[in-house]
Amino acid sequence: MSKVKVTLPDGSSRDYDQGVSVKDVAFDIGTGLGRASIGGRIDGEEVDVSYQINEDVNLELITFGSEEGLDIYRHTAAHVLAQAVKRLYGDVQLAIGPTIDDGFYYDFDMDYRLSEDDFDKIEKEMKKIVKEKLDITSEVTSKEEAIAKMKELGEDYKVELIEELEDDELTFYSQGEFTDLCRGPHLPSTKKLKANAIKLLNVSGAYWRGDENNKMLQRVYATAFYKKKELDEYLERLEEAKKRDHNKLGRQMGYFTTDPSVGQGLPLIMHKGAKVIQTLQRFVEDEEERRGYELTKTPYMAKDDLYRISGHWDHYKDDMFVLGDEEEVDKDLLALRPMTCPYQFMIYNSKQRSYRELPVRYAETSTLFRNESSGEMHGLIRIRQFTLADGHVICTPEQLEEEFSSVVDLVNYMMESLGIEEDIWYRFSKWDPNNKGKYIDNPEAWERTQNQMRNILDKLEIDYVEAEGEAAFYGPKLDVQFKNVHGKEDTVITIQIDFALADKFDMTYVDKDNQKQRPIIIHRSSIGCYERTLAMLIEKYAGALPTWLAPVQTQIIPISDKHLDYAYKVKEELAKEGVRVEVDDRQEKVGYKIREAQVEQVPYMLIVGDDEVEANTVSPRHRREGDLGAISIEEFKKDILEEIENKA
RNA sequence: GCCAACUUAGCUCAGCUGGUAGAGCAGCUGACUUGUAAUCAGCAGGUCAUCGGUUCGACUCCGAUAGUUGGCUCCA
């Protein structure tokens with residue numbers, strides 16, 4: 001029998017008989033390791049412990065308890081979930097059951113409507129399956145056999161999946177009476193799962209293959225950990241995250257409210273929320289002006305003619321609020337604006353442009369209206385009317401790289417100012433060549449622009465993930481992504497290179513050879529949409545916004561009524577420097593007023609009583625650090641102004 | 001738009017298998033003039049989301065509508 005050489009991650013190697021299993025190797029290294037191994041990685045590819053090694057390989061063992069093993073572990077848990085559901089509800093067809101970031105899900109097609117009330121029962125059955133200590137075995141079959149097998153089992157979705165696979169060799173995994181098509185790897189036995197560390201989380205609908213024209217299946221989300229303690233910690237983290245939910249906190253703290261008679265997705269932003277937005281907006285508009293942007297103020301609605309030129313009428317009409325009746329031919333048809341671009345393009349087109357004036361940079365604090373579907377609205381994150389820090393850079397092809405880079409620089413500056421540069425990441429959103437309806441049909445231009453954009457991104461050394469089918473209909477995007485407290489990804493900002501609309505609007509400039517040329521357009525936001533940004537800030541800071549953004553920056557707390565005059569004097573001192581300051585003049589105990597200011601997350605409280613009046617001082621109390629001791633009014637003023645200036 | 005759950009006082013929530021509702025906080029009134037996270041007492045607050053049905057009787061069961069939440073799809 002010939003030998004194979006197995007090289008381990010530490011560089012050492014061992015010789016074995018051909019056909020040795022991963023498990024054998026693990027036990028050969030050590031019994032402890034043997035028992036702990038739940039999979040292996042051979043030349044980078046994950047395999048079962050039962051995998052037989054037939055040639056010289058690099059082997060890395062994946063052990064129970066390891067980060068990388070968790071995926072295998074959860075994948076097996078997903079199979080156990082499917083097995084339990086099949087046992088309990090009989091006529092169930094399986095769709096897909098992948099692992100995701102914090103757990104896994106499985107999609108089922110079944111008549112019985114699952115609800116969370118069924119979870120107990122399903123979890124019990126899963127526990128039973130774990131207790132049954134079923135061996136998990138794999139079997140490789142040909143495509144033809146696989147299809148026959150799945151047809152026999154009545155698994156239509158699996159048949160569909162297999163038919164589209166290119167491979168002729170397919171793997172099935174079985175445990176007890178349950179068999180599923182799966183690439184693997186899996187645990188060697190269901191007994192390796194910790195039954196009390198598995199939890200079903202929620203059930204929802206999900207279209208087969210994510211296509212709304214397909215049947216809606218039932219998706220069960222769940223998670224699994226190696227230990228109950230890890231599960232408990234995870235659940236606790238979820239609870240903690242929910243406490244930061246802007247949709248709860250924002251309402252509780254009086255940032256915004258909603259009312260059914262106003263309508264869905266139409267939040268009423270109250271003083272505190274409006275104050276934060278105003279602060280942000282002034283900051284953004286000033287910074288953009290400094291960076292050479294021209295401010296514009298364009299109409300909230302326009303005739304359909306404008307949207308027909310831009311192509312929005314064809315691509316986007318269902319999502320716009322159209323005013324007027326399309327049947328009445330002799331009356332204008334208007335639509336509320338879902339974006340600012342066509343308006344700013346009209347400004348560009350209002351005169352002939354020379355290459356000398358390019359780049360032209362337009363910025364506008366722009367209220368937009370989008371008719372989101374009813375199931376989409378979420379707090380301040382997905383709404384029907386919102387305010388975007390919008391803008392467009394119109395430049396020559398030669399200027400594109402520099403202009404794009406400076407937009408990225410602006411965005412980075414904004415993210416740093418908000419203190420969220422560590423919480424966001426970049427997504428390079430490309431078109432999907434197979435989705436003809438969604439994108440402008442010009443494959444050559446798509447590929448060219450995307451390559452251009454990739455080159456710029458790589459030059460800027462930006463880390464990004466690529467996402468197919470996330471582009472705008474007219475061009476690729478660089479998106480800034482953020483995760484909300486529910487773990488869901490939202491786009492905060494997008495920067496787009498547009499190769500199409502300049503054509504549609506017949507935008508030109510005259511170059512130095514006196515020839516008319518097409519400019520390139522960059523669509524961009526600097527800080528995103530103010531409502532969504534506010535939501536993000538509330539969640540990031542759990543309501544305790546940085547001082548420069550806090551709606552109230554200083555709360556003055558007089559000990560008793562007789563200190564009111566002094567309190568107002570201090571207020572005046574600070575207010576004239578632009579500090580947002582209030583006096584709590586209610587007849588309450590100091591402790592009570594402090595507690596309220598604390599709950600409101602006011603950065604500084606200034607306690608003033610006899611001592612302070614006497615010495616002409618204030619006693620600041622920081623919301624996190626507590627009592628800071630008495631200092632002069634001047635000193636406090638200097639400190640807080642510096643903190644506001646530095647956006648600390 | 002689709003799937004599921006939820007909707008009780010301004011807010012947070014209790015109310016077992018049907019017998020017309022309760023707490024804390026907030027609010028109002030009064031007393032207390034207060035030194036670093038809740039002073040005390042009293043009062044007032046609800047067509048139990050809305051509409052319809054079953055029932056002698058519905059907050060409770062059923063249906064429709066609206067809103068909210070979590071997903072799916074969509075997202076210029």
Side-chain angles (χ1 to χ4, degrees), chain A residues 105 107 113-118 201-221 242 245 247-248 251-252 254 257-265 307 310-312 315-320 337-342 368 370-379 382 388 390 429 438-440 469-475 477 479 486-488 490-491 494 496 498 500-501 523 557-564 586-600 605-612 619-623 626-630:
Chain A
Y105 66 80
D107 285 351
R113 294 278 144 207
L114 287 170
S115 87
E116 292 188 15
D117 298 337
D118 300 308
L201 296 173
N202 49 54
V203 55
S204 75
Y207 299 106
W208 167 238
R209 321 204 93 177
D211 185 336
E212 63 178 325
N213 299 312
N214 288 337
K215 185 169 181 184
M216 179 159 276
L217 310 173
Q218 299 192 67
R219 173 172 300 176
V220 177
Y221 283 93
K242 278 189 188 143
D245 186 348
N247 204 11
K248 260 199 132 144
R251 287 171 198 270
Q252 266 166 31
T257 185
T258 49
D259 191 288
S261 57
V262 176
Q264 236 193 324
Y307 304 111
S310 65
H312 286 93
H315 283 275
Y316 200 69
K317 183 167 154 254
D318 289 347
D319 297 313
M320 294 202 294
R337 66 174 182 195
M339 33 60 229
T340 328
C341 25
L368 304 178
R370 297 180 185 176
N371 197 356
E372 306 282 1
S373 11
S374 62
E376 274 312 326
M377 259 69 79
H378 169 62
R382 279 296 284 278
L388 186 70
D390 207 353
S429 298
K438 183 171 167 183
Y439 298 107
I440 282 176
E470 293 288 346
F473 76 79
Y474 49 68
K477 309 190 285 177
D479 297 318
H486 303 289
K488 188 168 173 163
D490 292 307
T491 300
T494 108
Q496 302 155 10
D498 170 7
L501 293 184
H523 301 242
I557 298 179
I559 304 268
S560 83
D561 282 2
K562 61 184 185 211
H563 310 115
L564 273 174
R586 295 171 304 172
Q587 292 182 21
E588 294 290 352
K589 294 192 119 181
V590 183
Y592 181 84
K593 293 182 186 175
I594 287 174
R595 182 185 151 78
E596 288 227 328
Q598 199 66 60
V599 170
E600 296 282 309
M605 288 152 252
L606 295 182
I607 318 296
V608 295
D610 286 341
D611 299 347
E612 287 76 14
S619 289
R621 182 187 208 279
H622 186 264
R623 62 184 166 194
D627 192 354
L628 301 178

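Reckoned from all heavy atoms, side chains included, excluding hydrogens, waters and symmetry mates. Naming convention: chains lettered A, B, ... in sequence-line order (proteins, then strands); numbering from 1 in each chain. Given the structure is predicted, the values throughout are model-derived calculations rather than measurements.
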Do the side chain of A/Gln598 and the main chain of A/Arg623 share a donor and acceptor less than 3.5 angstrom apart? yes

Have a look at B/G45 and give me syn or anti from its glycosidic angle (syn if within 90° of zero). syn

How is A/Tyr105 classified with respect to the nucleic acid when contacts are heavy atoms under 4.0 Å: base, sugar-phosphate, or nothing? nothing

When the C1' atoms of B/A26 and B/U12 are considered, how many whole Å apart are they? 11 Å

When you compare B/A9 with B/G45, how far apart are their P atoms, in angstrom units rounded to a whole number? 15 Å

If you take the centroid of each ring, where Trp contributes its six-membered ring, are A/His523 and A/Tyr474 closer together than 6.0 Å? yes

Return the orientation label for the A/Phe473 and A/His315 ring planes: parallel under 30°, perpendicular over 60°, tilted otherwise. parallel

Counting any heavy atom closer than 4.0 Å, what does A/Glu600 reach on the DNA or RNA strands: base, sugar-phosphate only, or nothing? nothing

Just call it for A/His486: base, sugar-phosphate, or nothing, with non-hydrogen atoms closer than 4.0 Å on any strand. sugar-phosphate

Donor-acceptor contact present, side-chain A/Ser115 to main-chain A/Asp117, <3.5 Å: yes

When all nucleic acid strands are considered with a 4.0 Å heavy-atom cut-off, which category describes A/Gly210: base, sugar-phosphate, or nothing? sugar-phosphate

Taking the P atom in each of B/U47 and B/U60, what is the distance between them to the nearest angstrom? 16 Å

NA contact type, A/Ser619, heavy-atom cut-off 4.0 Å: base, sugar-phosphate, or nothing? base

Using the P atom as the point on both nucleotides, what is the distance between B/G27 and B/C62, in whole Å? 39 Å

For A/Arg623 and B/A37, give me the distance from atom CZ to atom P, rounded to whole Å. 17 Å

Fill in the dot-bracket string of RNA chain B, one character per base: . for unpaired, | for a pair to another strand, ( ) or [ ] for pairs within the strand, taking Watson-Crick or G-U pairs under 3.5 Å. (((((((..((((.....[..)))).(((((.......))))).....(((((..]....))))))))))))....

Sequence neighbours left out, what passes salt bridge (Lys or Arg N to Asp or Glu O under 4.0 Å) with A/Arg113? Give chain and number order. none

If you measure from the C1' atom in B/C48 to the same atom in B/C72, how many Å do you get, rounded? 33 Å

Base, sugar-phosphate, or nothing: which does A/Gln496 touch, judged by heavy atoms less than 4.0 Å apart? sugar-phosphate

Between A/Asp627 and A/Pro620, what is the shortest heavy-atom contact and its length? OD1-O, 3.6 Å

Give A/Gly379 one of three labels, base, sugar-phosphate or nothing, depending on what nucleic acid heavy atoms sit under 4.0 Å from its own. sugar-phosphate

Counting only N and O atoms by type, is there a donor-acceptor contact under 3.5 Å from the side chain of A/Tyr105 to the main-chain atoms of A/Asn202? no

Could you check whether any side-chain N or O of A/Glu596 sits under 3.5 Å from a backbone N or O of A/Lys593, counting only pairs where one atom can act as donor and the other as acceptor? no

In whole angstrom, what separates A/Lys215's NZ from B/C72's P? 20 Å

Using the side-chain heavy atoms of A/Arg595, tell me which of these nucleotides is nearest: B/U34, B/G35, B/A37. B/A37

Taking any heavy-atom pair under 4.0 Å as a contact, classify A/Ala471: base, sugar-phosphate, or nothing. sugar-phosphate

Distance between the P atoms of B/C25 and B/C40, in whole angstroms? 9 Å

Whole angstrom is fine here: how far is it from NZ in A/Lys589 over to P in B/A38? 10 Å

Is A/Asn213 touching bases, backbone alone, or none of the nucleic acid, heavy atoms closer than 4.0 Å? nothing

Please give, in whole Å, the distance from B/A31 P to A/Gln587 CD? 9 Å

Looking at every strand, decide which applies to A/Asp611 at a 4.0 Å heavy-atom threshold: base, sugar-phosphate, or nothing. base

When the nearest nucleotide of RNA chain B is assigned to A/Arg621 and to A/His378 on a heavy-atom basis, which residue is associated with the more 5' position? A/Arg621

A/Lys593 NZ to B/U33 P: how many Å, rounded? 14 Å

Within the 4.0 Å heavy-atom criterion, would you say A/Asp561 contacts the bases, only the backbone, or no part of the nucleic acid? base

Atom-pair distance (OH on A/Tyr474; P on B/C75), nearest Å: 13 Å

Are OP1 or OP2 of B/U33 and a side-chain N or O of A/Tyr592 less than 4.0 angstrom apart? no

Can you measure A/Glu596 atom CD to B/A37 atom C1' for me and round it to whole angstrom units? 10 Å

Distance, P atom - from B/G30 to B/A21, rounded to whole angstrom: 32 Å

Whole-Å P distance, B/C75 and B/U7: 34 Å

For A/Gly469 and A/Lys562, take the nucleotide of RNA chain B holding the closest heavy atom to each; which residue's nucleotide lies nearer the 5' end? A/Lys562

Minimal heavy-atom distance between A/Met377 and A/Gly265, with the atoms involved, is CG-CA, 3.3 Å

Expressed as a whole number of angstroms, how long is the span from A/Gln264:CD to B/U68:C1'? 9 Å

Closest non-hydrogen atom pair between A/Gly609 and A/Ile559, with its separation: CA-CG1, 3.4 Å

Please evaluate residues A/Gln264 and A/Thr258 with respect to the criterion side chain to side chain contact (heavy atoms under 4.5 Å, CB included), reporting the C-alpha separation (whole Å), side-chain torsions for both, the decisive distance (0.1 Å), and the verdict. CA-CA 8 Å; A/Gln264 236 193 324; A/Thr258 49; over 6 Å; no

For A/Asp211, is there an ion pair with A/Arg209 - N to carboxylate O distance below 4.0 angstrom? no

What one-letter contact string describes nucleotides 2-16 of chain B from 5' to 3', where B marks a base within less than 4.0 Å of any protein heavy atom, S marks contact via sugar-phosphate atoms alone, and - marks no contact? BBS------------

Where the side chain of A/Tyr221 is concerned, which of B/G35, B/G67, B/G71 is the nearest nucleotide? B/G71

